[in-house]
Amino acid sequence: MFPSHGVANLTQQWLQRYGWEILPHPAHSPDLAPSDFHLFGPLKRHLGGMAFETEDDLISELRNWFDNLDVDFSRVGINSLLSRWQKYIDLHRNYVEK
């Protein structure tokens, strides 16, 4: 496994080489993390009220849920991330959606 600092350095070098702006990310900002604002809500609603006998049963249900996601699910999440980041930038990096 790669040391995390080595991968981070390579990533930063690549971003600088191609002139990409690196936006500072707030330490805890669930409205800017796709997993928090787009993935976990629907997953939590899907799993709500279910009980699993074994870890394998849970894994099977998770795989089933991911396999049956609408083809546009990820696209919608990424597109909404763009507007959330723009709002964060426009409000001088002082934004958390409530």
Side-chain angles (χ1 to χ4, degrees):
M1 182 167 206
F2 295 109
S4 61
H5 66 277
V7 173
N9 288 337
L10 289 173
T11 301
Q12 288 177 358
Q13 290 171 10
W14 187 90
L15 293 170
Q16 288 174 351
R17 181 177 4 176
Y18 292 100
W20 286 34
E21 180 182 2
I22 301 170
L23 299 174
H25 194 282
H28 179 70
S29 186
D31 52 315
L32 296 176
S35 57
D36 286 351
F37 79 79
H38 187 69
L39 175 64
F40 292 146
L43 181 56
K44 183 179 175 180
R45 285 188 293 278
H46 174 75
L47 295 175
M50 292 184 181
F52 302 96
E53 297 280 328
T54 67
E55 185 176 327
D56 286 340
D57 291 342
L58 170 60
I59 290 169
S60 177
E61 185 58 37
L62 289 170
R63 285 186 175 142
N64 182 54
W65 186 77
F66 280 106
D67 287 347
N68 289 296
L69 283 177
D70 184 74
V71 69
D72 290 329
F73 182 82
S74 295
R75 182 186 53 78
V76 169
I78 296 299
N79 286 341
S80 64
L81 179 61
L82 296 173
S83 64
R84 289 168 183 268
W85 266 101
Q86 189 60 54
K87 193 172 190 178
Y88 171 73
I89 292 166
D90 293 346
L91 293 173
H92 308 289
R93 299 182 171 115
N94 187 22
Y95 162 70
V96 175
E97 189 165 305
K98 298 183 177 77

**Prompt:** For W14, what residues pass the ring pair (Phe, Tyr, Trp, His ring centres under 6.0 Å) criterion, not counting sequence neighbours?
**Reply:**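 Partners of W14 by the ring pair (Phe, Tyr, Trp, His ring centres under 6.0 Å) criterion, ordered by chain and then number, come out as Y18, W20.
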
**Message:** The criterion is salt bridge (charged side-chain N to carboxylate O under 4.0 Å, His left out); which residues satisfy it with R75, sequence neighbours excluded?
**Reply:**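 Scan of R75 (salt bridge (charged side-chain N to carboxylate O under 4.0 Å, His left out), adjacent residues dropped) gives D72.
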
Going by atom type alone, with no hydrogens or angles, which donor-acceptor pairs under 3.5 Å involve a side-chain atom of residues 57-66 and a protein atom two or more places apart or on another chain?
from: D57; atom 1: OD1; to: T54; atom 2: OG1; distance (Å): 3.4
from: D57; atom 1: OD2; to: T54; atom 2: N; distance (Å): 3.4
from: D57; atom 1: OD2; to: T54; atom 2: OG1; distance (Å): 3.4
from: E61; atom 1: OE2; to: H46; atom 2: NE2; distance (Å): 2.6
from: N64; atom 1: OD1; to: N68; atom 2: ND2; distance (Å): 2.9

